[in-house]
Amino acid sequence: MVTGACLADLGNEVILVDTDPAKVATINESRSPIYEPGLDELLSRNCHHIWATSDTQKAVIETDITFIAVGTPSRADGSIDLTYIESACRDIGRAIKEKETFHIVVVKSTVLAGTTEGVIRRTLEEESRKMAHVDFGLVSNPEFLREGSALHDFFESDRIIIGVADERSQVALEDLYASFTCPKLYTAIPVAEMIKYVNNAFLATKISFANEIGNLCKVLGIDTALVFEGVGLDARINSAFFRSGIGFGGSCFPKDLRALKAQAEERGVQPRILKAVIAVNEDQPLRLITLIKKYHPELTGKRIGVLGLAFKPDTDDIRESRAIPIIRELLQERADIIAYDPLAMKAFSRLYPQITYASSAKELLRQTDTILITTEWEEFEMLDYSNKFVIDGRRVKMAEKGSIYEGVCW
Ligand code: UGA
């Protein structure tokens with residue numbers, strides 16, 4: 001969605017394809033089916049250059065480049081699920097078969113090293129009866145956008161990574177990204193795929209490292225945020241993604257770490273660091289429950305407010321949100337939960353219809369004195385926490401004014 005809208009804004013004619021007719025209809029009304037700051041405005045502004053359909057054949061025939069941007073979720077065992085990739089490739093391959101001009105397929109979805117030249121290439125070649133890098137182009141162009149700041153991340157990219165194996169595709173991608181002044185790295189296809197995983201794995205490692213050190217700092221009575229401010233000033237390290245708290249969620253870090261770990265194990269390499277990063281992340285949200293039980297050993301029937309359900313601010317996405325294991329645990333303890341989130345309550349209520357949802361953060365504070373903070377929405381900085389008992393998983397400064405206040409690592 002974001003890639004399509006941004007490419008349209010750069011002056012390209014874009015056709016978006018989705019199998020879900022409801023999403024297609026929403027896009028054709030110039031509305032985005034996902035919340036992302038600025039995206040609706042971008043869509044309306046470019047409504048003459050972007051439209052959506054469920055007809056892959058038509059979209060491939062009428063364009064020069066197809067970006068594959070479908071999801072690559074985890075299977076039950078943590079390994080990568082390529083069902084959507086394979087089905088998209090079958091549709092694209094069938095369309096390429098009918099096409100007379102050179103078509104380029106760009107893999108933007110996060111796939112493990114070897115996938116583009118493996119199952120993706122095989123499926124496209126089988127369906128099209130044509131040869132990759134000769135009759136059609138095949139490129140890996142991984143995505144580094146963050147939800148909540150995706151438009152900024154697209155237009156102000158740190159770098160563009162392009163895994164490519166044929167001249168014609170390289171020229172087409174150079175042309176597509178010509179207006180970007182950031183570094184562009186052209187690599188072999190598996191290198192580009194690997195860069196994406198290593199990037200996410202390293203950022204996740206920084207967070208779990210900050211959380212492990214944060215847990216120690218709390219015991220020692222040391223301000224962990226200041227420690228990481230100091231450490232981050234080392235130019236070799238930098239301070240990004242050193243915020244300690246209840247860990248990382250979202251649709252990327254957790255599943256990408258699991259997939260990389262599964263790939264390593266399958267290939268006989270012990271992923272010791274990846275395993276530790278995942279383990280710290282699984283324990284971290286449960287520390288909020290341990291903290292609250294220090295004050296209220298018995299949670300049965302106790303009204304507890306949960307502020308924040310999205311996996312991070314500025315998104316309505318609740319995938320792998322840290323609020324999920326926390327609410328699961330509170331339900332097990334038979335607590336009486338009231339929750340609030342500016343954007344994510346609708347999605348969350350489908351998962352947990354049995355809890356109460358407040359109409360506003362203020363309303364939540366009116367209804368309970370005991371509060372857990374699970375997402376650092378800016379509006380939570382404006383609340384009056386006096387006389388409240390607050391356990392904070394994300395470091396909301398204002399909440400420190402609570403009559404009792406403790407943070408997960410501070
Ligand atoms: C992440 C990467 O940052 C993007 O570069 C990448 O393109 C994307 O995954 C992807 O693979 O598609 P995203 O999941 O949207 O982006 O969100 P992040 O801003 O990375 O946050 C992920 C989680 O880490 C959130 O739960 C956030 O609260 C947590 N986090 C982040 C911390 O706990 N501490 C930090 O210092 C930073």
Side-chain angles (χ1 to χ4, degrees), residues 1-3 34-37 69-74 80 107-112 141-154 156-161 192-215 224-225 227-229 231-232 237-260 277-278 280-282 284-285 287-288 308-326 341 344 373-377 380 392-396 407-410:
M1 190 65 237
V2 172
T3 302
I34 50 155
Y35 176 78
E36 184 62 43
V70 297
T72 50
S74 293
I80 189 167
V107 181
K108 193 154 261 308
S109 301
T110 300
V111 292
L112 288 164
N141 173 214
E143 184 56 79
F144 299 103
L145 311 177
R146 288 163 300 174
E147 289 180 33
S149 51
L151 269 50
H152 166 270
D153 292 349
F154 181 93
E156 309 289 326
S157 299
D158 289 339
R159 53 21 185 138
I160 295 170
I161 305 291
E193 294 170 318
M194 196 66 181
I195 288 173
K196 167 68 194 190
Y197 276 92
V198 177
N199 210 99
N200 272 1
F202 190 73
L203 290 171
T205 305
K206 279 187 100 174
I207 299 171
S208 276
F209 180 74
N211 285 336
E212 188 170 278
I213 297 294
N215 295 342
T224 190
V227 170
F228 279 101
E229 194 182 321
V231 174
I237 299 178
N238 121 18
S239 64
F241 281 66
F242 264 158
R243 255 180 303 116
S244 56
I246 44 176
F248 54 83
S251 65
C252 307
F253 287 172
K255 76 148 172 88
D256 291 349
L257 261 83
R258 286 193 293 262
L260 192 59
V277 170
I278 295 168
V280 170
N281 201 52
E282 277 166 6
Q284 208 61 14
R287 291 176 62 85
L288 276 200
L309 301 170
F311 84 93
K312 68 171 186 176
D314 294 322
T315 177
D316 57 356
D317 196 345
I318 59 160
R319 284 175 288 177
E320 310 247 6
S321 164
R322 303 292 79 198
I324 295 172
I326 290 167
D341 188 282
I373 302 180
T374 39
T375 316
E376 67 281 31
W377 283 97
F380 298 164
D392 187 359
R394 295 293 186 189
R395 203 146 206 177
V396 168
V408 65
C409 297
W410 54 91

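Note that these values count all heavy atoms, side chains included, but never hydrogens, waters or copies made by symmetry. Whatever order the structure lists ligands and atoms in, that order sets their numbers, starting from 1. Note that the numbering runs from 1 along the sequence shown for the chain.
Heavy-atom separations between R322 and ligand 1 are all 4.0 Å or longer. Residue contacts with ligand 1: C252 is included, with a non-hydrogen atom under 4.0 Å away. Close to ligand 1: G249, with a non-hydrogen atom less than 4.0 angstrom away.
Regarding atom 3 (O) of ligand 1, its nearest protein heavy-atom neighbour is R146 CG, 3.2 Å. With hydrogens left out, the protein atom closest to atom 17 (O) of ligand 1 is K312 NZ, 3.0 Å, a heavy atom. Protein heavy atom closest to atom 11 (O) of ligand 1, with residue, atom name and distance, is K196 NZ, 2.6 Å. Summary of contacts: the protein heavy atom closest to atom 15 (O) of ligand 1 is E147 N, 2.7 Å. Among protein heavy atoms, atom 20 (O) of ligand 1 sits closest to F241 CE2, 3.2 Å. Taking atom 5 (O) of ligand 1 as the reference point, the nearest protein heavy-atom neighbour is F144 O, 2.9 Å. When hydrogens are left out, the protein atom nearest atom 30 (N) of ligand 1 is I207 CD1, 3.4 Å; that is the closest non-hydrogen contact.
Ring planes of F228 and F242: tilted class, angle from 30 to 60°.
For ligand 1, the polar-atom distance check finds an N/O of L145 within less than 3.5 Å of one of the ligand's N/O atoms. Remark: ligand 1 and S251 share no N or O pair separated by less than 3.5 Å (distance only, no angle test). The N/O atoms of F311, backbone and side chain alike, include one that comes under 3.5 Å of an N/O atom in ligand 1. Geometrically, ligand 1 and T110 share no nitrogen or oxygen pair separated by less than 3.5 Å.
Taking CZ of F311 as the start and CZ of R319 as the end, the distance is 8.0 Å to the nearest 0.5 Å.
Looking at heavy atoms from C-beta onward, F248 lies out of side-chain contact with L203 at the 4.5 angstrom threshold. Between R146 and H152 there is a side-chain heavy-atom pair separated by less than 4.5 Å. Looking only at side-chain heavy atoms (C-beta outward), F144 and I161 come within less than 4.5 Å of each other.
Atoms of ligand 1 found under 4.0 Å from any heavy atom of F253, numbered from 1 in the order shown, are 1 (C), 2 (C), 3 (O), 9 (O), 20 (O), 22 (C). Distances below 4.0 Å separate heavy atoms of R394 from the following atoms of ligand 1: 28 (O), 33 (O). Atoms of ligand 1 found under 4.0 Å from any heavy atom of E143 (numbered from 1 in listed order, with element): 7 (O). Proximity to F248 (heavy-atom distance under 4.0 Å) selects the following atoms of ligand 1: 23 (C), 24 (O), 26 (O), 29 (C).
Within the 4.0 Å heavy-atom criterion, the part of N200 lying near ligand 1 is the side chain and not the backbone. With a 4.0 Å heavy-atom cut-off, ligand 1 is reached by the backbone of F242 but not by any atom from C-beta on. Heavy atoms of R243 found under 4.0 angstrom from ligand 1 belong to the backbone as well as the side chain.
In summary, E376 and R243 engage in a salt bridge, as defined by a charged side-chain N under 4.0 Å from a carboxylate O.
Atom OH of Y197 has more than 12 neighbouring heavy atoms from other residues, nucleotides or ligands inside a 6.0 Å radius.
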